[in-house]
Amino acid sequence: MKAALLLVVGLVGLVQTLAPRPVVRAWTRVVYRDAGDAEPREWAYVAARAEGAVLTLVSLVGLYRVATASDDAEASSTSDERSDG
């Protein structure tokens, strides 16, 4: 479950990094009643791209930790079985 959530967050971050304008446009429509009058400043796109990059990086680090944690737990359980026998 944790890996699936990290994967979804990573994909959202990747989309936000590669295409910040549609993401900002979508959030503007969600947040404002009359989105036609709202015009984001240029730094909003830079901030959205930076946020997407951070989300992607955090997701990749989390997925790496999940993948290596299962390997570490597996290795320690096999070493425990060898020492018991």
Side-chain angles (χ1 to χ4, degrees):
M1 178 69 180
K2 184 177 180 181
L5 182 62
L6 286 169
L7 185 61
V8 168
V9 168
L11 290 175
V12 168
L14 186 62
V15 168
Q16 193 170 347
T17 301
L18 297 176
R21 289 186 186 274
V23 172
V24 170
R25 193 176 315 122
W27 277 112
T28 302
R29 287 185 190 142
V30 168
V31 173
Y32 297 109
R33 289 182 185 152
D34 188 12
D37 293 340
E39 185 177 330
R41 296 183 190 261
E42 194 60 35
W43 62 265
Y45 303 116
V46 175
R49 183 168 287 185
E51 180 186 18
V54 168
L55 287 174
T56 304
L57 181 66
V58 167
S59 173
L60 287 173
V61 169
L63 285 170
Y64 176 77
R65 286 187 178 178
V66 166
T68 57
S70 63
D71 292 343
D72 291 342
E74 203 172 281
S76 66
S77 68
T78 56
S79 66
D80 289 342
E81 289 173 3
R82 290 181 190 157
S83 63
D84 289 341

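Because the structure is predicted, anything quoted here is derived from the model rather than measured.
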Exercise. Which pairs count as side-chain hydrogen bond (donor to acceptor under 3.5 Å, both in side chains) when at least one residue sits in residues 12-30, sequence neighbours excluded?
Worked result: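 Sorted result for residues 12-30: Gln16-Glu51, Arg21-Glu42.
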
Exercise. Got a second to check how far Lys2's NZ is from Leu63's CG, nearest 0.5 Å?
Worked result: 9.5 Å

Exercise. Do you know which two heavy atoms are closest between Ala44 and Val24, and how far apart they sit?
Worked result: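 It is O-CG2, 4.1 Å.
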
For this session: Go through the structure and list residues passing side-chain contact (heavy atoms from CB on, under 4.5 Å) with Leu14, not counting sequence neighbours.
Result: Leu18, Thr56

Exercise. Is Tyr32 reachable from Trp43 through a run of I, L, V, M, F, W or Y residues, each pair having side-chain heavy atoms under 4.5 Å apart?
Worked result: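 Unlinked, Trp43 and Tyr32 end up in two clusters.
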
